[in-house]
Structures are given as structure tokens and as C-alpha cells.
Number of protein chains: 2
Amino acid sequence: MKKRALLQGQDLSTQIAEAIRDAIVAGDLLIDARLPSEAELADHFGVSRPTVREALKRLAAQNLIRTQRGATGGAFVNRLSFEDAYDQQITTSTLLLSMNAVDFDTACEARYALESACADLAATRRTPDHLATMRAEIHRQSQPGLTDEAFCASDVAFHRALVDGAGNPVLSYQLAGAIEAMQPLMNMITFTARSRAAIIALHQHIADSIEAHHGEAAEQGLAELCSYTQTLAKQVLASRAQRAKN
Amino acid sequence: MKKRALLQGQDLSTQIAEAIRDAIVAGDLLIDARLPSEAELADHFGVSRPTVREALKRLAAQNLIRTQRGATGGAFVNRLSFEDAYDQQITTSTLLLSMNAVDFDTACEARYALESACADLAATRRTPDHLATMRAEIHRQSQPGLTDEAFCASDVAFHRALVDGAGNPVLSYQLAGAIEAMQPLMNMITFTARSRAAIIALHQHIADSIEAHHGEAAEQGLAELCSYTQTLAKQVLASRAQRAKN
DNA sequence: AGACGATTAATTGTTTGACAATTAAACGCC
DNA sequence: GGCGTTTAATTGTCAAACAATTAATCGTCT
């Protein structure tokens, strides 16, 4: 039972998790490399197996490792896929917004600022696939009888297609959080037939601009969409305040 | 020992962690609310305490809960702070880039595209504080004898000041990952005296533009910085390939 | 009555030891 | 050589305990 110096004053499981994470980040443990068994790790760090397990669960929660049972099982360093990172980012962003009372204007401004950054690239690189997705979502949005939630979900899909059109996975990853995290806030807005029509028209304009490789026109459409959305939110808030007074 | 239906086929600790996380996200557990004790949770879910602990460690790894020892201790729902989210995003982004062989151009393009999105807002809203930070970092960058790592670190600080100047915490959060995650890639570049001078001149130009409330000029400076950085990286790669041949 | 110290109870942190479930490899048999 | 069986390694889970920490409670003294 080798004792290992793990200086800090936190939980043992935290310290061990950090030690292993550092080893991964530093490249001492390559992707798909197998970690020592729980018993060996316990030995190595001079702690019991449950403590090691708690550390491994921490890492698993961050998608840094995966575990497998059986004879050749164990914990393996996980390749952090863009998919996994998307999901993490979305849940983190959603919680962040809901827990910190970020006001609608701020979130909205951030989202459209980021999207504008993609518009130019998307106008250059978009494939027919991206355009088709955008058109399909626009079509879905004009269906009558769509719930507000479904309308928002389609809105998210439209904007993700726009972002993906930039053909830069790093951008897609970064913006996934910003766009999806907005949805709960957007869901609070009641979309009247008239406001839906206005939004759809702007979507149409943006899609047309992207198709025509006009980045600036797309950016302008996004800016209008941003301010219109903010106006809508203000109306909702105002009418809600009105109702509260009565 | 009440048995609870936790249908899925994963680890018990995973299922329990998800159940609790869902309760938090759904708002059944408010911020700073205390979870039942480990013993009670074990009872409630019909599992042993170590299993519950593994679940709690998973949540702790995501900063969703914090734990406290002692008589009034327990697990409490954590307010996910922007600080915590920054850190998570940075480590995730860094790993994502290092594990997925994202090429320098892609990361660079994403970073500067996102920063450009902030330039306009920063030009409007920057405070003297932000400007002072930018100037200070420019000054640091012109110190002779600075290591490449220190130069890059200062570069990151400069750009974070620019982003923070937009005065939108959501933007700052989203971009923290993009900017900081680039640093390991940037660190691989050797900055000659001449290339440093060129970068500093561009930084100067950007800072001047931000100070003068000229968003477009700042954006242009960023674009130049982007392409210059990409050129530098290409040179480094080429000379490395050259050396490998000999 | 009020202040202060010791006790107590609740809770998380950690250990030990065991058993179940799973999986691949080794073995033996045909 | 091919195929089932055994075996060994490993993670998943449980049970029961003890240590460490912390706040409340109680008792005593002034």
C-alpha cells in the first residue's frame, strides 16, 4: 500500500480524480488507454477501493473515462467527442441561465452576436443540405396549429442549421450552448399568428441571403430578428405585469 | 427500504444521479436546498450508501451540488456560478481540441469570428478598466525576455479584456472556452521578435479602435490578427516539416 | 440570568470485507 | 481443429463499522 503525496485539503476522491485528470490532460494517458484496475489504483494512492471508485465516477461524469466490466474490463480514457461536448455545454448553459436570472435581453444579444459571427462563413460555405434544413424548418414554422414549444424547437433547429453551415465544428460546438440554452426563455413567449409571420419572413430573408452568398444581408436579418425578439419579450413582460396589477 | 423504479439499464449510481439532476433542472430542488442525507437517499432509492455516494460525486463533479460535513451538513444544490461554468468550459474546450486533432486554422477562425462578434459591443460599452487592462497587457507583451508561454498568456488576457468589454456575461462565458482553449495550440508557435512586434502593433490598433468607439476598425484589426496568426502557424509547421526531412 | 465549556447527535468521509455480474481468455474434450 | 466449459480478472453492489466534523444541547459556574 504505497502512500502517495496528494497535498491538498479536499476529499481524497477529489484529489485522486484531479491527479488522474491531470495525467490525461498532460498526455500521460492517451486516448483509449486503460487505467489500472480499481484495486491497483487504491494500492497506488493508498486509499480504499470505494474512494477510488468515487474518483472514477467524478471523471465518468465529465465523460473523461468510460468503464467496462469483465475480464479485460476497466476504465479507459475516453475520446471527448463533439457530441458529448455539445450535450455538456447545453445542460451547463441552460442551468447557468436559469440559475442566474440572466435577463432575456442579455441572452438574446449574446446569441445573435454569436450567430452573426457565423453568418459570413455560412454564406460562403453552406451546402445544399444546410439550406434544405433551413427551408424545411421554415415550412414547419408556418404550419397552423403548431404549439409555441414546437415553434421554438423548430426555431432552434433553423438556427443550428445556420451555424452548422459555417462548416466549423468548433463554432458549432460553442454556439450549441448559446442557442439551445435560450429555448426555455423563448418558450415563455406567446407567439401570436402575426409575430410568427414576422419571424418566418425574417427567416426566409436570412435563408435567401445565405443561399445567395450574401453574408451581410444575413447578418442584417439576424440583427432585425434579434431586436424583434427583444420587443416581443418586452410586450410579454409588460402584459404580464399588467395582469399582475389587476 | 423503499424500492424505486429506475427503469434503465445503466449503473445504479448513474440512474440515481440522473434522477436527482432532473429534479434540480425541473426546479423541484431549489438553489441551496438541502438534499436528504445519504442514508435517507439510500433508503429512498433502495440502494446502499456507497452507491448513493457515487451518484452524489457525479453531481459534485458537475458543480451541481456541494457537500458539507457535520451536524447540519449534507448535500446542497449549488448555484452554478459563471466562474464555475468558465472553468468547466475551458477544460472541456481544451480537451476537445487536443483530443480531436482540430487543426489550427479551424480553431483560429472560430476564435476570431466569435471575438469579432464582441468587438462592436465592446466598442460601445468598454469601461476605462477594460482599456487599462488591454494597455497593460500590450505593455507586458513588449517586454524583452518574455517567454513564448508568457507572451501567449498575456495575449489571452488581452483578448479576454476585449470580450469582457462587451459587458455581456453570457458572451464572456461562451468565449472563455474558445479563447483559453486556443492557448495550448498557440504555445506551439515560436514568436520571433519581428512577429511579436507585428502582433503588438495590431493589438495597439485594436485597443485604439475600442477606445475610439470604432467597432468596425476593431473588427478589421481582429481579422488581420487572425490571418497573420494563421500565417505564422503555417510557417512553424513548414519549418518543422523541413527539419523532419533532414 | 447569562456566559462558557463539555457532551451529544447528525452527517459526511473512509475503511474493510464480502458477494454478484460480466466478460474474455484458457483449458480440455471430442 | 473446433467447441463448450471452466477460470480468472474486473467492475458493480452491499453491509457494517469507525473517524472526522460540526452545530445544537445541556450543564455548570459566575
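Since we're looking at a predicted model, the values are computed, not measured. Just so it is clear: chains get the letters A, B, ... in the order the sequence lines come, proteins before strands, and each one is counted from 1. Scope of the values below: all heavy atoms of this structure, side chains included, with no hydrogens, waters or symmetry mates.
Following rounding to the nearest Å, B:L12 (CG) and C:dA20 (P) show an atom-to-atom distance of 16 Å. Between the CG atom of B:L41 and the P atom of C:dG13 there is a distance of 13 Å, rounded to whole Å. The distance between atom CG of A:D43 and atom C1' of C:dT15, rounded to the nearest whole Å, is 14 Å. For the pair A:L56 CG and D:dG12 P, the interatomic distance rounds to 9 Å; values are reported in whole Å. Protein atom CZ of B:R53 is 16 Å distant from nucleotide atom P of D:dA15, rounded to whole Å. The CD-P distance, from B:Q10 to C:dA21, rounds to 19 Å in whole Å.
Inter-residue side-chain proximity for A:M186 and A:I179 is flagged as unmet; no heavy-atom pair is nearer than 4.5 Å.
By the 30° and 60° cut-offs, the orientation of the rings of B:Y173 relative to B:Y86 is parallel.
Remark: B:R111 is not positioned above the aromatic ring of B:F104, lacking an NZ or CZ atom under 6.0 angstrom from the ring centre and at most 45 degrees off the axis.
Between the side chain of B:R160 and the main chain of B:E180, no donor-acceptor pair closer than 3.5 Å is present. In terms of modelled atom types and a separation under 3.5 Å, the side chain of B:R140 and the main chain of B:S154 share no donor-acceptor contact.
Between B:E54 and B:K57, no side-chain nitrogen of the basic residue sits less than 4.0 Å from a carboxylate oxygen of the acidic one, so the salt-bridge criterion is not met.
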Distances for protein N or O near nucleotides 8-11 of chain C N or O, under 3.5 Å:
residue : atom : partner : partner atom : Å
C:dT11  : OP1  : B:R34   : NH2          : 3.4
C:dT11  : O4'  : B:G70   : O            : 3.2

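Judged by atom type and distance alone, A:R49 does not reach the base of C:dT14 through any side-chain donor-acceptor pair under 3.5 Å.
Closest to the A:K57 side chain, of the nucleotides C:dT14, C:dG13, D:dG12, is D:dG12. For B:T67, whose side chain is taken as the heavy atoms from C-beta onward, the closest listed nucleotide among D:dT13, C:dT12, C:dT14 is C:dT12.
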